[in-house]
Visitor: 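The structure is given below, and queries will be raised subsequently.
Worth knowing before you read on, the calculation uses all heavy atoms, side chains too, and leaves out hydrogens, waters and symmetry mates. So you know, we letter chains A, B, ... as the sequences are listed, proteins then strands, and number each from 1. Just so it is clear, the model here is predicted, and its values are computed rather than measured.
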Amino acid sequence: MDFLSGLNPEQRAAVTLPEQSALILAGAGSGKTRVLTTRIAWLISTGQVSPHGILAVTFTNKAAKEMLLRLSAMLPINIRGLWMGTFHGLCNRMLRAHHREAMLPQTFQILDSADQLASIKRLMKVLNVDDEKYPPREVQNFISGNKEQGLRAHEVEAFDPYTRRKVEIFAAYDEQCQREGVVDFSELLLRCYELLARNQPLREHYQARFRHILVDEFQDTNRLQYQWLKLLAGQHNALFAVGDDDQSIYAFRGANVGNMQELTRDFHVQSVIKLEQNYRSHGNILDAANALIKNNRSRLGKNLWTSENKGEPLRVYEAPTDEEEAKFIVDEARQLNREGIHLAEMAVLYRSNAQSRVIEHALVSAGVAYRVYGGLRFFERQEIKHALAYLRLIQNPGDDNALLRIINFPTRGIGTRTIEQLQEAARAQNVNLWQVAKQTGGKVATFVTLIEMMASATRELPLPEVIDHIILHSGLLVHYQNETGVKQREAQERLENLNELINAATLFVHENEDDSLTSFLTHAALESGESQAEANADALHLMTVHSSKGLEFHTVFMSGLEEGLFPHHNSRMADAGVDEERRLMYVAITRARRRLYLTFAQSRMLHGQVNYNLMSSFLRELPEELLHWITPRITTRNNFSSSGYSSSLTPTSPMNMKGLGGKKSIGAQNSPWHISQAVHHAKFGEGVIVNIEGGDSDMRVQVNFRTAGTKWLALEYAKLTPL
DNA sequence: CCGAGGGTCCTTTTT
DNA sequence: GGACCCTCGG
């Protein structure tokens with residue numbers, strides 16, 4: 001078994017565990033994916049189970065693909081019959097196979113989040129719900145959140161009228177989806193769970209089949225996913241879960257770390273195996289990560305170590321402004337690049353997407369290639385969704401979402417009033433829009449004919465030609481070709497994307513046995529694709545800390561380490577919110593192999609106005625001996641204009657003045673107080689001056705305190721000391 | 001019916 | 001700063 005060689009004792013113990021349920025606590029960079037894939041290879045090659053008896057679950061398609069790739073490299077045998085995929089992908093597969101039992105049409109369509117939101121808005125209009133009082137986004141979260149807890153509308157506890165109303169909308173929404181033959185993401189899981197729970201023969205069939213169930217990133221499972229796993233595992237199957245409680249960063253969307261403890265109870269896990277040897281980072285980086293995460297309560301407990309050397313200290317940089325911070329990062333990245341580190345081996349991380357703009361700006365000015373992760377994905381683009389809506393409609397005319405999206409796009413003179421009339425008629429007759437549209441004359445009739453013509457003309461065509469046909473005959477092609485002026489460039493790109501859609505279909509047909517339209521549409525919904533194509537180009541990576549999970553880089557720039565930004569001030573409200581932020585910081589630190597920069601700015605332009613923040617408390621939690629301050633250490637910070645920074649860093653450069661308003665000069669001439677200055681107050685603690693009013697004797701300052709919030713203080717009375 | 005322009009809001013995100 | 005939603009005038 002040569003794939004066992006090279007494993008450390010813990011990894012080997014995990015891989016070769018007898019047929020029993022297990023929890024593997026796998027730290028960052030400890031070879032988690034390797035253990036999972038080797039476990040599968042070991043189970044199969046020792047003849048303990050055939051590929052047919054294995055179910056492997058991941059969260060992302062990327063992870064599933066990666067595992068399948070590594071597995072086929074290890075096992076030259078046929079692994080068909082092995083079920084590997086995301087929770088949603090696997091549930092979809094089961095629901096398609098048993099659509100009748102699940103009470104779904106065979107060609108049910110999947111709503112992505114945007115579709116779901118549109119669907120909810122449409123419903124709320126029909127129900128006459130005030131969208132000021134009930135923001136559709138919130139209703140969406142309410143519905144998905146409950147479904148992910150395994151709850152249907154009638155099971156939700158509602159003690160107040162407000163919640164009761166939301167429950168009503170929830171119920172009506174589910175009815176609407178059922179009527180239209182569509183299923184949202186959480187519905188895929190819940191419907192599948194209910195199917196297995198209700199249907200004993202089916203449940204027993206799958207239980208008898210999947211003797212080994214393996215789960216990746218187990219800390220990210222929500223209640224429903226765990227219940228689903230439990231149902232499939234039954235009394236006798238082995239659940240092999242791999243996860244890291246310290247990297248649980250998705251509680252805000254329903255992930256329940258508590259599932260890890262529950263698993264050990266429910267499945268009588270004898271021993272939890274910890275993988276603590278890290279193969280990624282130098283010692284100082286791991287020491288910093290360990291020191292930080294120690295501040296979290298209720299951990300399962302784990303300490304990363306490495307046989308590598310300590311490496312260099314972490315580099316800390318304080319910039320006067322976010323622009324200077326960005327400039328510093330770009331300069332350092334260029335320098336490293338000159339020294340031979342590929343740009344693609346470096347990443348700039350930030351807490352929230354809004355922060356990328358300044359960095360992008362600096363990169364563009366410096367002419368450095370970069371690539372932003374996240375953002376709009378291929379199948380989420382407007383033009384692609386339009387094209388897909390035509391496809392959905394020719395296959396399932398009852399899909400009201402799809403019909404509404406394209407009935408007047410490209411514009412064909414069917415306005416809001418006409419559409420409202422259609423909707424009213426449909427509601428009155430309790431039928432879908434398509435059926436009403438068929439009975440209507442005028443421009444609507446022309447549209448109906450168009451769709452019917454497209455349906456019959458494409459019935460016998462291969463998938464790529466179907467798409468080609470609808471792009472042409474829907475008028476999408478001409479519409480974008482006719483765009484002029486400022487929109488022309490954008491339209492050009494949209495046309496290229498539509499062309500790319502045909503390519504995607506061609507590829508899909510080659511790669512999949514089931515090359516039906518339904519299958520392609522499912523693929524589009526479940527695998528929305530990479531946000532940008534050129535993955536191999538040597539470019540600096542820009543992404544949120546969230547999207548960096550699972551990745552690693554030679555050098556990481558963790559930017560915007562400011563109190564209020566990271567940890568984000570909204571996290572204060574959430575239960576154990578700061579702990580989750582700390583785990584996020586832990587993830588960020590552990591992305592770095594060799595070099596880690598920690599940067600922050602005294603002032604930052606956010607949402608169109610300048611903010612002054614203190615250094616992040618996370619930075620203080622790192623042991624001083626691991627840090628190398630490039631700028632003077634913050635605790636000894638003085639009025640920075642006299643602290644001997646190089647001239648490029650002085651805060652009085654013209655760029656910085658914008659947005660400060662006229663207030664900065666007031667009282668600034670002869671007084672020791674100025675905006676962005678760190679101060680200490682006897683009662684409120686540490687803060688930073690964000691505004692100054694009045695002068696001399698009656699001067700008042702506004703201070704943003706670390707813990708006490710923002711306050712106006714009269715200097716005459718308040719005991720403020722400069723830091 | 002349609003596009004231009006004003007007001008509002010603003011963590012994190014995969015499926 | 002900018003995406004998104006709504007209103008208003010042509």
Visitor: Report the residues that fulfil side-chain contact (heavy atoms from CB on, under 4.5 Å) with A:Asp131, sequence neighbours left out, ordered by chain and then residue number.
Guide: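 Once residues adjacent in sequence are excluded, the partners of A:Asp131 under the side-chain contact (heavy atoms from CB on, under 4.5 Å) criterion are A:Met124, A:Pro136.
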Visitor: Closer to the 5' end of DNA chain B via nearest nucleotide, is it A:Thr411 or A:Asn61?
Guide: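 Its nearest nucleotide being more 5', the pick is A:Thr411.
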Visitor: Checking all strands, does A:Asn353 fall into the base, sugar-phosphate, or nothing category for heavy-atom contacts under 4.0 angstrom?
Guide: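 Result for A:Asn353 = sugar-phosphate.
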Visitor: Tell me the salt bridge (Lys or Arg N to Asp or Glu O under 4.0 Å) pairs involving residues 86-96 of chain A, sequence neighbours left out?
Guide: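 Passing the test, one end in residues 86-96 of chain A: no pairs.
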Visitor: Only counting residues at least two apart or in another chain, list the ones meeting side-chain contact (heavy atoms from CB on, under 4.5 Å) with A:Ala425.
Guide: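 Scan of A:Ala425 (side-chain contact (heavy atoms from CB on, under 4.5 Å), adjacent residues dropped) gives A:Gln429, A:Val436.
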Visitor: Mind checking what makes side-chain contact (heavy atoms from CB on, under 4.5 Å) contact with A:Ala389, not counting sequence neighbours?
Guide: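 Checked A:Ala389 against side-chain contact (heavy atoms from CB on, under 4.5 Å); matches are A:Ala402, A:Arg405, A:Ile406.
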Visitor: According to side-chain hydrogen bond (donor to acceptor under 3.5 Å, both in side chains), who are the partners of A:Glu187, at least two apart in sequence or on a separate chain?
Guide: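 Once residues adjacent in sequence are excluded, the partners of A:Glu187 under the side-chain hydrogen bond (donor to acceptor under 3.5 Å, both in side chains) criterion are A:Lys147, A:Arg152, A:Arg191.
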Visitor: Generate the contact string for nucleotides 2-10 of chain C. Rules: B means base contact, S means sugar-phosphate contact only, - means no protein heavy atom under 4.0 Å.
Guide: S--SS----
Visitor: Select from A:Arg412 and A:Phe252 the residue whose nearest nucleotide in DNA chain B is closer to the 5' end of that strand.
Guide: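 The 5'-side residue here is A:Arg412.
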Visitor: Hey, does A:Tyr250 reach any base, or is it just sugar-phosphate, or nothing, if we go heavy atoms under 4.0 Å?
Guide: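 Sugar-phosphate contact only - A:Tyr250 comes under 4.0 Å of backbone atoms but never of a base.
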Visitor: According to side-chain hydrogen bond (donor to acceptor under 3.5 Å, both in side chains), who are the partners of A:Asp244, at least two apart in sequence or on a separate chain?
Guide: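 Per chain and number, A:Asp244 pairs via side-chain hydrogen bond (donor to acceptor under 3.5 Å, both in side chains) with A:Gln247, A:Lys302.
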Visitor: For A:Thr599, enumerate each residue passing the side-chain hydrogen bond (donor to acceptor under 3.5 Å, both in side chains) test, keeping only those at least two apart in sequence or located in another chain.
Guide: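 In terms of side-chain hydrogen bond (donor to acceptor under 3.5 Å, both in side chains), with neighbours along the sequence ignored, A:Thr599 is linked to A:Glu325.
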Visitor: Measure the distance from CG on A:Asn611 to C1' on C:dG1 and round it to the nearest whole Å.
Guide: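 Going from CG in A:Asn611 over to C1' in C:dG1 covers 13 Å.
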Visitor: For residues 185-196 of chain A, which residues have at least one heavy atom under 4.0 Å from DNA chain B?
Guide: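 Only A:Phe185 qualify.
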Visitor: With sequence neighbours excluded, give me every salt bridge (Lys or Arg N to Asp or Glu O under 4.0 Å) pair touching residues 517-526 of chain A.
Guide: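 For residues 517-526 of chain A: none.
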Visitor: Tell me every residue that passes side-chain contact (heavy atoms from CB on, under 4.5 Å) with A:His479, counting only those two or more places apart in sequence or in another chain.
Guide: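 Partners of A:His479 by the side-chain contact (heavy atoms from CB on, under 4.5 Å) criterion, ordered by chain and then number, come out as A:Phe409, A:Pro410, A:Glu483.
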Visitor: Where does the chain A footprint on DNA chain B start and end, counting 5' to 3' with a 4.0 Å heavy-atom cut-off?
Guide: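 The contacted stretch runs from B:dC1 to B:dT15.
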